[in-house]
Each structure stands twice: as structure tokens, then as C-alpha cells.
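Scroll down for the structure; my scribbles are underneath it.
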Number of protein chains: 2
Amino acid sequence: MKNTPEKSKYHHGDLRTTLLHVAGEMLKESGIEEVSLRKLAARVGVSRTAPYHHFKDKNALLCGIAEAGFKQLHAMNKRSFNAEGRSTKEKFSLFIHEYVNFAKSNPDLYELMFGRTIWKQENSTQELRAAAYPCFQYQVTMTREWQKLKLLNHSGEENALRASQVLWGTVHGIAKLLIDGIYTDVAHVEEICDYAVDMFLVH
Amino acid sequence: MKNTPEKSKYHHGDLRTTLLHVAGEMLKESGIEEVSLRKLAARVGVSRTAPYHHFKDKNALLCGIAEAGFKQLHAMNKRSFNAEGRSTKEKFSLFIHEYVNFAKSNPDLYELMFGRTIWKQENSTQELRAAAYPCFQYQVTMTREWQKLKLLNHSGEENALRASQVLWGTVHGIAKLLIDGIYTDVAHVEEICDYAVDMFLVH
DNA sequence: GGTAAAATTTGACAGTGTCAAGATTGATTA
DNA sequence: TAATCAATCTTGACACTGTCAAATTTTACC
């Protein structure tokens, strides 16, 4: 399971990284409720409390996983927004589709990233916020650009922050309803996204 | 705490109702992670395993709470949609605001109602579905009406189901981002809702 | 009044996160 | 090189959780 072939080391060497990696695997394989520190430690081949020397508590570990998720999401959003050889409308549509499909492909990770577990009552790590806030901010940057290009349906004075909150709310809401099992017809994701794009574009 | 003054009864009389009621209180007071069957039983004044004769397991109890929540939400939606003395646009706006404010006022209940806990992997009770599906369906009914009245921005052929999925996704997403602690400025809820309304209306 | 069913209890088990104290190792310094 | 110290890891323990099985108590019914 480990990639380092060295055996029987009291000091693991890079336990922190390994814990994050394996915990991410467990999350993807079996969902958040199957991620326990004890199972994680057993799978890594270390005692129950060893993780506590690298993470303050379970919450800190989860924040670490989410942190990587936000970096991934941020990078993906940049790619969508700057996709070459496409019209602005197509890139807007691409963003919506890619976002929802990210959540669809990594349901448990997405659930963790945006769940109240790591955000409520000061639970979020400083490192997590340092990864998430730029990702949030980028939504506003993209929206401001779309507004400048007169892409979005709206009357009155434009506000990039408010518009991005609505747009982000929409993709987030669709993603959540999908992965939480409320929308049962997962097959129609693309149609829903297409319809959303159409409702937001000015005609 | 109890409304029935009769004391020292081996048979509680209406334990099921009491459990649902008190569990709902605990949820509202301290959040879902503070709702445990043991604490609930202690608070009701009954042994740890007594609840198991009225609910198959903890999941069934949570479904029961959510069930009541959906009936409440459904009723509220009907009121918004049929509000007297208001234009259709105003009623559309009212629906958006009321929906988000329902989540804001009952964050933990809303979280439970739409969380994967009770929906994923066949966890949902038949009674829960019987309460939730009509609520979901009503979103489509409202949307169909709004489309007939040419209220919503869109090009091409209209589809009430798709449009309702997008609209519902939006209010759901805004609600979730708010109550999960991602949107830190809870004070601007009404502005966000107003902006959402404006983006969806045809101009 | 006796019996069956319903409701509730106690005991037990496996699992969880986390703390405290001790054991082991690697790095630093004298 | 030898000694020291901090980093790292382990064992033991605690309180808490959901849930099962078996025994107990009460109510309802024939």
C-alpha cells in the first residue's frame, strides 16, 4: 500500500503527507463516515494516536484534505475561464458544466469542502482559508468579466459580488442536490447545466 | 418540560411524539451533532433503548424530524405562491426570500432535511419521501406557472422541470452557503435574494 | 382472571475521538 | 565520539456513541 519500500521504521518519515493521501483515498472510496482516525492509522500501519503529532485533531486533518480540494477546484476554474479557442458564452457554459461535474466526480470531497463540519464555529484552519478564499474570490473576478462583456441577464446597476454569489449559489445548489441524492436523475446533469446557462444569459 | 403532568408511568403514553418533539428542540438548540439517542432519552426521562420501540434506528428518528420540516416548508411555499394582493413578480420574489429565510431561521433542520445523511443509500423512510416529494413537485408547479406568465428569462423551448431544478438549485445553494458558514455576511441575505430575482426575471 | 402483546429496562459490545504518560529514534552540541 | 534533547511514536485509559439480546413491567383483550 505504501510506496516507500523501507520497512519497520519507528519514525515514518513523511507521515503527515501519507495520512492526508490515504485519508483522501478512504474518503473517495467509502465516504466521509468511513473516515476514522483509527482506521486511517491502521491502514497506514501506525498506532491510533500517531496522527495527533501531525494534526491537532480530526478536524485539522479534514481541513487538510479540503485544502487540497480547493486548490484543485481553483485550478480547474482557471482552466475553464481561460479555455482557448472558445467564445465567451462557451467558456461561461464550460465553467458551469465543469463545476458541477467536479462535484459529481468527487462527491465526498465536495461535501467535505463545503460542509459545515469544517466551516462552522471557527473550525476552519488558517491554511484552509488561505486556499479557499482565493478560490471564492476568483468567482467574483470571473463574474466581473462576464458582466463587462454584457453576458448576464440583469436590470439596473451591476454588482459583481452579488451576481457571483447568485451564480455560485446556483452551481453549488445543483451540485449539492445531485450528490446528496435529492435529484435522482443523475443522468440529466448536462441538461440541467445547459438550462441554467440559458436562464442566465441575456437574450 | 413535558406537558402531561402525570408522573411515574412505566408506559409513557405518547413517547413517539415526545421523542420527535424534544429531538427537534435539541436540533434547534445545539445542532445535529448534539442530538444523540442517549441524550434524547435522558432528557425525556426514559432509558437508552426505549426509543428503539418507536423508531427502527437513529436514522428513522431523523427522517421523522425532517418529515415535519418538509410539511412546514411545503405549506410555506404555498403561502408565498398564493399571497394575496401582490403582483406575480412580487410573489416570485417573495418565494425566493421566504425560502432562503426558512433555511436561515432553521439552519440545522434545513441541513438535516437536505443532507445526505437521510437521503443517501436508501436511508430515506417511506414516510419521509411521502412528505418530501410533493414538496419537490410543488416547485415544478410554481415554475410552470411562472413560465406561462412569461416571467422567466430564457430562450428556446421552455421546460418546467429543468427550470425548477435551476431555480431550486439557486435558492438551495444560497441557503446552504449561508448556513454552512461560507458566506460570512449573513446580513446581506435580502440583497442577494433581490439580485437573484433580478437575474431570473425577463427584462 | 389469565394470557398475550406492547412497552420499557438493564447488560453488553464494538466503535469512536482524544488525553496523559512512557518509550523510541534522530539530530544537535559539547 | 558521547551526551542531551526534541521530535516522533506507542500503550493505556476515559467518556461517549449506536444498537443488539434478554429480562422485566405494564396494558389490553378474551
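You won't find any donor-acceptor pair under 3.5 Å spanning the side chain of A:Arg16 and the base of D:dT8, going by distance alone. Counting distance only, with no hydrogens placed and no angle test, the side-chain atoms of B:Arg38 and the base atoms of D:dG18 include a donor-acceptor pair under 3.5 Å.
Using a 4.0 Å heavy-atom distance criterion, B:Ser47 is classed as a base contact. Using a 4.0 Å heavy-atom criterion, one finds that A:Thr49 contacts the bases of the nucleic acid, with or without backbone contacts as well. Using a 4.0 Å heavy-atom cutoff across all strands shown, A:Lys39 reaches sugar-phosphate atoms only and no base atom.
Across the protein-nucleic acid pair, A:His53 atom NE2 and C:dG17 atom P stand 17 Å apart, rounded to whole Å. Atom-to-atom, CD1 of B:Ile32 to C1' of D:dT17 comes out at 14 Å; the value is rounded to the nearest Å. When rounded to the nearest whole Å, the span between CD of B:Glu33 and P of D:dA15 equals 22 Å. Between the CG atom of B:Leu19 and the C1' atom of C:dA7 there is a distance of 12 Å, given to the nearest Å. The distance from atom CG of B:Asn59 to atom P of D:dT17 is 18 Å, rounded to the nearest whole Å. Between B:Lys58 atom NZ and D:dC16 atom P the separation is 15 Å, expressed in whole Å. The separation between B:Leu37 atom CG and D:dC16 atom P is 16 Å, rounded to whole Å. D:dT27 atom C1' lies 16 Å from atom CG of B:Asp14, rounded to whole Å.
Position along DNA chain C of the nearest nucleotide to B:Leu15 versus B:Arg48 favours B:Leu15 as the more 5'-ward residue.
Side chains of B:Ser80 and B:Asn77: a donor-acceptor N/O pair is absent below 3.5 angstrom, by distance only. Checked by atom type, the side-chain pair B:His188/B:Tyr195 shows no donor-acceptor distance below 3.5 Å. A:Arg162 and A:Gln165 share a side-chain donor-acceptor pair at under 3.5 Å.
Side-chain proximity of B:Tyr52 to the nucleotides D:dT10, D:dG18, C:dT9 is greatest for D:dG18. The nucleotide whose nearest atom lies closest to any side-chain atom of B:Ala50 is, among D:dC9, D:dT11, C:dT9, C:dT9. Closest to the side chain of A:Ser36, out of D:dT19, C:dG17, C:dT18, is C:dG17.
When the side-chain nitrogen and oxygen atoms of A:His54 are compared with OP1 and OP2 of D:dC9, one or more of them lie within a distance under 4.0 Å.
Annotation: B:Phe114 is in aromatic contact with B:Phe70 [ring centroid separation under 6.0 Å].
B:Phe200 and B:Phe92 have perpendicular rings, their planes meeting at more than 60° on a 0 to 90° scale where under 30° would count as parallel.
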